[in-house]
Protein chains: 2
Amino acid sequence: MPSKKLAYRNLPHLFLKAREELLCHFRPIITHFGLTEQQWRILRTLDEKNELEPREICELCHILSPSLTGVLSRMEAIGLVTRQRMPGDQRRVIVRLTPKSEKLVAELGPLIVAQYKIIEQALGPELIKQLYDIMDQLIATEKGPITRIALPEKKDWANMTD
Amino acid sequence: MPSKKLAYRNLPHLFLKAREELLCHFRPIITHFGLTEQQWRILRTLDEKNELEPREICELCHILSPSLTGVLSRMEAIGLVTRQRMPGDQRRVIVRLTPKSEKLVAELGPLIVAQYKIIEQALGPELIKQLYDIMDQLIATEKGPITRIALPEKKDWANMTD
DNA sequence: CAAAACTCACTAACATATTAACCAATCAGC
DNA sequence: GCTGATTGGTTAATATGTTAGTGAGTTTTG
């Protein structure tokens with residue numbers, strides 16, 4: 001028989017679900033152009049900021065550095081971005097859109113906006129506003145100090161026989 | 001120069017960010033026990049439902065079927081779940097916790113709850129309530145008909161020279 | 001009853017996530 | 001100027017996400 005149920009709803013899981021419920025309306029548009037979610041996030045961000053360094057992309061697009069290395073390599077290989085070492089600091093890199101990807105964004109962007117409008121209408125603009133409001137609150141508050149509970153001694157559950 | 005900026009904020013991306021802001025407080029607990037996020041989601045759900053079929057786990061835990069195959073294989077290999085073919089229908093499978101994983105949930109679950117309480121206090125219980133409320137609204141509304149915009153003819157951007 | 005359609009889990013191939021470790025370039029301090 | 005610490009990007013190894021397809025088992029239909 002199962003042990004006692006967890007008393008709290010799974011909030012992170014709820015975010016995952018909500019995100020998927022929204023994204024499923026955009027995914028077909030993005031994949032139609034042969035892009036992945038992450039590639040589109042990067043293109044969109046680059047279009048807005050003009051040029052970015054990898055660590056900035058990591059921060060803005062929520063992609064971890066090791067993942068980004070591969071994503072940028074593939075994007076560079078198919079001519080969606082250029083990578084150029086920064087003259088003053090040979091460690092750093094500058095990533096830019098290509099003429100080709102600028103055209104792509106110009107064609108894809110309006111479709112995303114149009115789909116947004118449809119969704120906004122379906123959900124009701126007030127709900128959208130409330131969402132933005134609460135999410136901003138959440139992300140702002142999270143910066144504050146949240147203590148971490150104490151963890152018990154480590155047990156290697158994976159290799160226990162019992 | 002960049003084309004015109006997209007007029008809408010990226011709502012799915014906001015969910016991604018919010019989820020991460022929350023999850024980062026739970027991840028250390030989960031990994032401390034040698035589990036992955038998905039493994040814990042499955043253990044937690046199994047603990048609540050007692051036994052589940054793979055497609056039910058996919059639905060409840062938001063894991064796609066091909067991913068689940070691997071996750072369950074690994075979990076079975078280290079003795080966290082059992083998989084048993086259903087007698088009446090040889091296509092179907094029943095997944096259950098083991099005594100070992102029941103103990104694990106009994107030890108891990110309360111820690112998750114405790115961390116939840118800390119976060120709830122930090123964010124303020126009203127904010128949490130509003131969050132649940134809006135998320136439920138969102139997910140409920142999403143079931144309604146949201147039309148998909150028409151897509152232009154397919155272009156193979158990846159293999160274009162220009 | 002037999003063929004077609006369907007369901008379920010799985011495999012395959014590729015992209016991304018996650019953690020740890022690596023390495024060259026830069027910087028801090030002496 | 002040299003050593004030690006730091007930064008920025010990368011590689012490696014493993015786990016999961018994503019899409020398409022497979023194959024056995026079951027249901028539907030003629």
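Since the model is a prediction, treat every value here as computed from it, not as a measurement. Lettering follows sequence order; numbering is per chain, from 1.
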*Salt-bridge test for A/Glu59 and A/Lys49: reply yes if a basic N is under 4.0 Å from a carboxylate O, no otherwise.*
no
*So if you build clusters from Ile, Leu, Val, Met, Phe, Trp, Tyr with side-chain heavy-atom gaps below 4.5 Å, do B/Leu16 and A/Leu11 land together?*
no
*Tell me what A/Arg83 touches on the nucleic acid: a base, only sugar-phosphate, or nothing, going by heavy atoms under 4.0 Å.*
sugar-phosphate
*So, is A/Arg92 near the phosphate of C/dT26, with a side-chain N or O under 4.0 Å from OP1 or OP2?*
no
*In Å, rounded to the nearest 0.5 Å, how long is the span from OG1 of A/Thr45 to NE2 of B/His13?*
6.5 Å
*What is the distance, rounded to the nearest whole Å, between atom CD1 of B/Ile94 and atom C1' of C/dA9?*
14 Å
*Using a cut-off of 4.0 Å on non-hydrogen atoms, how would the nucleic acid contact of A/Ile63 be classed: base, sugar-phosphate, or nothing?*
sugar-phosphate
*Taking for each residue the nucleotide of DNA chain C bearing the nearest heavy atom, is the 5' side occupied by B/Arg27 or by B/Pro54?*
B/Pro54
*What about B/Met86 and B/Leu46, same hydrophobic cluster or not, with Ile/Leu/Val/Met/Phe/Trp/Tyr joined at side-chain heavy-atom distances under 4.5 Å?*
no
*Want to settle it: does A/Arg85 or B/Pro66 sit nearer the 5' end of DNA chain D, counting the closest nucleotide to each?*
A/Arg85
*Between atom CZ in B/Arg19 and atom C1' in C/dA17, what is the gap in whole Å?*
11 Å
*Output yes when at least one side-chain N/O atom of B/Gln38 is less than 4.0 Å from OP1 or OP2 of D/dG17, else no.*
yes
*Report yes if a donor N or O on one partner sits less than 3.5 Å from an acceptor N or O on the other, where the partners are the side chain of B/Arg91 and the base of D/dT26; otherwise report no.*
no
*When you measure from the side chain of A/Gln90, which nucleotide among C/dA12, D/dG9, C/dT26 comes out closest?*
C/dT26
_Side-chain ion pair, A/Arg27 and A/Glu20, N-O less than 4.0 Å_ = yes
*Whole-Å distance between C/dA9 C1' and B/Glu76 CD?*
13 Å
*For A/Met86 and C/dA25, give me the distance from atom CE to atom C1', rounded to whole Å.*
13 Å
*Take the protein atom CG of A/Leu16 and the nucleotide atom C1' of C/dA17, then report the distance between them rounded to whole Å.*
13 Å
*Give A/Ser65 one of three labels, base, sugar-phosphate or nothing, depending on what nucleic acid heavy atoms sit under 4.0 Å from its own.*
base
*Rounded distance (nearest 0.5 Å) linking atom CG of B/Leu23 with atom CZ of A/Phe15*: 11.0 Å
*Nucleotide of D/dG17, C/dA9, C/dT7 approaching B/Arg41 most closely (side-chain heavy atoms)*: D/dG17
*Do any side-chain nitrogens or oxygens of A/Gln39 fall under 4.0 Å of OP1 or OP2 in C/dA15?*
no
*What is the distance from CG of A/Asp89 to P of D/dT6, rounded to the nearest Å?*
17 Å
_Closest-nucleotide mapping onto DNA chain D: is A/Glu20 or A/Ser73 further toward the 5' terminus? I mean the 5' end._
A/Ser73
*Once you round it to whole Å, what is the distance between P of D/dT14 and CD of B/Glu37?*
20 Å
*Rounding to a whole Å, what distance do you find between B/Lys17:NZ and C/dA17:P?*
16 Å
_I want to check one thing: is the phosphate of C/dT16, taken as OP1 and OP2, less than 4.0 Å away from some side-chain N or O of A/Ser67?_
no
*Is the phosphate of C/dT16, meaning OP1 or OP2, less than 4.0 Å from a side-chain N or O of A/Thr36?*
yes
*Out of C/dA9, C/dT18, D/dG25, which nucleotide sits closest to the side chain of B/Val93?*
C/dA9
_Quick check on D/dG8: is either OP1 or OP2 less than 4.0 Å from any side-chain nitrogen or oxygen of A/Arg55?_
yes
